[in-house]
> 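Below you will find the structure I want to go over with you.
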Amino acid sequence: MSFELNDTQISIVNSAKNISEKFDDDYWLDCDLNSKFPQEFYEEVASGGWLGMCMPEKFGGSNLGLREASLFMQTISESGGGMAAASSIHINIFGPHPIVIHGTQKQKETWLPPLITGKEKTCFGVTEPDSGLDTGRLKTKARKVQGGYIINGQKIWTSTAQVANKILLLARTTDQSQTKKTVDGLTLFYTNFDREKIEVREIKKMGRAAVDSNQIFIDNLNVSDDDRIGEEGKGFRYLLDSLNPERILIAAEALGIGKNALKRATKYAKERIVFDRPIGKNQSIQHPLAENWIELEAAELLVAKASYQYDNGENAGGLANAAKYFAAEAAFKAATQAVVTLGGMGYAKEYHVERLLRESFIPKLAPVSSQMILNYISEKILGLPKSY
Ligand SMILES: Cc1cc2nc3c(=O)[nH]c(=O)nc-3n(C[C@H](O)[C@H](O)[C@H](O)COP(=O)(O)OP(=O)(O)OC[C@H]3O[C@@H](n4cnc5c(N)ncnc54)[C@H](O)[C@@H]3O)c2cc1C
């Protein structure tokens with residue numbers, strides 16, 4: 001593994017920078033203040049072909065690795081777009097992976113090209129109000145009927161459901177009482193987001209208002225057999241294929257937030273004069289920033305090694321989780337410290353660090369919480385007894 005970026009990777013970072021330069025701080029603040037999906041940014045990313053960067057070339061993608069995707073996502077987040085920029089395209093990068101791996105030729109031909117060109121948007125419906133992180137206990141039910149299924153239930157936190165035309169949906173097809181494990185008997189569907197049958201209620205939330213998150217209520221949604229991915233009952237296992245890459249991508253996005261926050265804090269610490277000297281001359285200002293730098297560099301190494309393992313077909317479970325955990329914590333600390341460094345102005349929207357702080361909570365909570373990552377490392381890496 002080399003620490004140097006190769007020519008392709010350098011050009012990917014430069015492309016991400018070129019796209020990001022067209023969208024300044026005011027753009028992201030406006031999206032945040034007005035809960036506005038960053039459609040112009042999304043279209044710019046789509047027109048460069050980046051929405052399909054990890055999808056097969058045969059369907060219009062670029063078949064790039066996770067290392068390349070992480071560099072792209074880190075760069076757009078680091079530009080100041082933060083989670084708003086990253087989340088507007090995140091689902092496209094590894095979300096459709098179960099289709100790529102387990103879909104039929106016809107499903108791939110039909111579903112992937114419109115996602116890659118940006119003509120269609122998808123959302124991801126897994127989390128439910130009553131099951132939370134215990135995914136196997138989800139209750140949304142897909143009842144088998146002639147030629148397809150009828151789905152009823154509800155999901156929570158479904159991001160981009162306001163703008164999506166499609167949904168990747170996990171539903172129970174076999175009663176939990178009849179399965180060995182709670183995660184058995186779940187089936188994965190990719191289907192039209194039929195607004196006649198799915199009611200969407202937006203959740204007003206702390207940050208990343210540009211990218212909506214919602215409660216959705218599914219009432220007798222008809223889904224054809226052709227919309228089922230792979231075999232019935234194996235949906236959760238198919239999702240596992242995309243869990244590690246998703247964690248690594250979120251880590252990269254968090255890293256971008258942390259680095260942007262640190263840049264803003266350092267600049268302010270050099271320029272702001274109080275008591276006749278720059279505030280950055282005080283060790284209580286400069287030492288925490290130095291710590292942020294160290295932690296972000298360490299997080300970057302974890303992201304690089306985790307993506308290297310994934311791209312080389314190694315088991316990346318431990319490091320993917322570690323990278324997500326550590327990058328999320330480092331980003332949150334850096335964003336917090338940025339607000340502290342800017343003092344009162346850190347609390348003002350026009351200085352942007354409060355937006356970064358609000359957004360930096362997301363990688364700590366989703367798609368899996370820091371606590372569950374510690375559970376995973378304790379059990380799967382250290383061999384300690386399962387605690388729950
Ligand atoms: C901004 C945002 C966007 C999201 N987008 C999507 C999306 O598009 N699609 C989707 O399906 N979901 C989405 N989610 C949901 C997200 O994945 C869940 O919020 C997350 O999985 C946590 O589930 P929960 O909120 O139900 O927490 P809970 O399961 O209720 O957990 C609450 C707390 O208890 C802790 N806890 C629970 N069990 C244990 C245990 N055994 N050991 C230690 N601690 C434990 C957790 O770590 C957490 O701190 C999103 C969430 C957010 C905030």
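Both ligands and their constituent atoms are indexed starting at 1 by order of listing. Each residue takes its place number in the sequence, starting with 1.
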> Mark yes or no: Lys144 above the aromatic ring of Tyr149, with NZ or CZ under 6.0 Å from the six-membered ring centre and no more than 45 degrees from the axis.
yes
> Which ligand 1 atoms, with their elements, are less than 4.0 angstrom from a heavy-atom of Gly132?
26 (O), 29 (O)
> Closest non-hydrogen protein atom to atom 39 (C) of ligand 1, residue and atom name please, with distance?
Met372 SD, 3.8 Å
> Name all residues meeting the side-chain contact (heavy atoms from CB on, under 4.5 Å) criterion together with Ser70; count only those two or more places apart in sequence or in a different chain, and write none if there are none.
Leu66, Ile248, Leu249, Ala252, Val303, Ser307
> Given the protein's heavy atoms, is any one of them under 4.0 Å from atom 25 (O) of ligand 1?
no
> Go through ligand 1 atom by atom and flag the ones less than 4.0 Å from a non-hydrogen atom of Ser213.
3 (C)
> May I ask you to identify the nearest protein heavy atom to atom 13 (C) of ligand 1, giving residue, atom name and distance to one decimal place in Å?
Trp157 O, 3.4 Å
> Could you check atom 44 (N) of ligand 1 against the protein and tell me its nearest heavy-atom contact, residue, atom and distance included?
Gln371 CB, 3.5 Å
> Tell me, do Ile19 and Phe72 make a side-chain contact under 4.5 Å, heavy atoms counted?
yes
> Before accepting this row, confirm whether a basic side-chain N of the pair Lys349/Asp25 lies closer than 4.0 Å to the acidic partner's carboxylate O.
no
> Within 45° of the ring axis of Phe217 and under 6.0 Å from its six-membered ring centre, is that where the NZ or CZ of Arg201 lies?
yes
> For ligand 1, is there an atom lying under 4.0 Å from some heavy atom of Asn375?
yes
> Within the structure, does at least one protein heavy atom fall under 4.0 Å of atom 41 (N) of ligand 1?
yes
> Might you work through the side chain to side chain donor-acceptor pair (under 3.5 Å) test for Asn165 and Asn192, ending with a clear yes or no?
CA-CA 6 Å; Asn165 335 72; Asn192 288 337; over 6 Å; no
> Numbering the atoms of ligand 1 from 1, which are under 4.0 Å from a heavy atom of Tyr388?
41 (N)
> Can you tell me which residue and heavy atom of the protein come closest to atom 12 (N) of ligand 1, and the distance to 0.1 Å?
Thr127 OG1, 2.7 Å
> What's the shortest distance from atom 47 (O) of ligand 1 to any protein heavy atom, and which residue and atom give it?
Ser369 OG, 2.5 Å
> Output yes when the distance from some N or O of ligand 1 to some N or O of Gly125 is under 3.5 Å, and no in every other case.
no
> Looking at Phe59, does the NZ or CZ of Lys108 lie under 6.0 angstrom from its six-membered ring centre and within 45 degrees of the ring axis?
no
> Testing Arg237, Gln178, Lys234, Gln176 for side chain to side chain donor-acceptor pair (under 3.5 Å) with Asp184, which one passes?
Arg237
> Shortest non-hydrogen contact from Asn214 to Glu202?
OD1-CA, 3.2 Å
> Can you list, pair by pair, the side-chain donor-acceptor contacts under 3.5 Å of residues 37-46, counting residues two or more places apart and other chains?
{"unit_1": "Gln39", "atom_1": "OE1", "unit_2": "Lys121", "atom_2": "NZ", "d": "2.9"}
{"unit_1": "Gln39", "atom_1": "NE2", "unit_2": "Glu43", "atom_2": "OE2", "d": "2.8"}
{"unit_1": "Glu40", "atom_1": "OE1", "unit_2": "Tyr27", "atom_2": "OH", "d": "2.6"}
{"unit_1": "Glu44", "atom_1": "OE2", "unit_2": "Lys22", "atom_2": "NZ", "d": "2.6"}

> Give me the nearest non-hydrogen protein atom to atom 9 (N) of ligand 1 as residue plus atom name, then the distance to 0.1 Å.
Phe124 O, 2.8 Å
> Distance to 0.1 Å, residue and atom name: give those for the protein heavy atom nearest to atom 8 (O) of ligand 1.
Ser159 N, 2.9 Å
> Checking a contact table here: which protein heavy atom is nearest atom 35 (C) of ligand 1, and how many Å away?
Leu133 CD1, 4.6 Å
> Return yes when at least one protein heavy atom is under 4.0 Å from atom 32 (C) of ligand 1, and no when none is.
no
> Which of the atoms of ligand 1 are close to Val126, meaning less than 4.0 Å from one of its heavy atoms?
11 (O)
> From atom 51 (C) of ligand 1, work out which of Ser370, Ala366, Ser378 has a heavy atom at the shortest distance.
Ala366
> For a side chain to side chain donor-acceptor pair (under 3.5 Å) check, start with the C-alpha distance between His102 and Gln107, then their side-chain angles and the critical distance, and finish with the verdict.
CA-CA 10 Å; His102 304 284; Gln107 288 177 330; over 6 Å; no
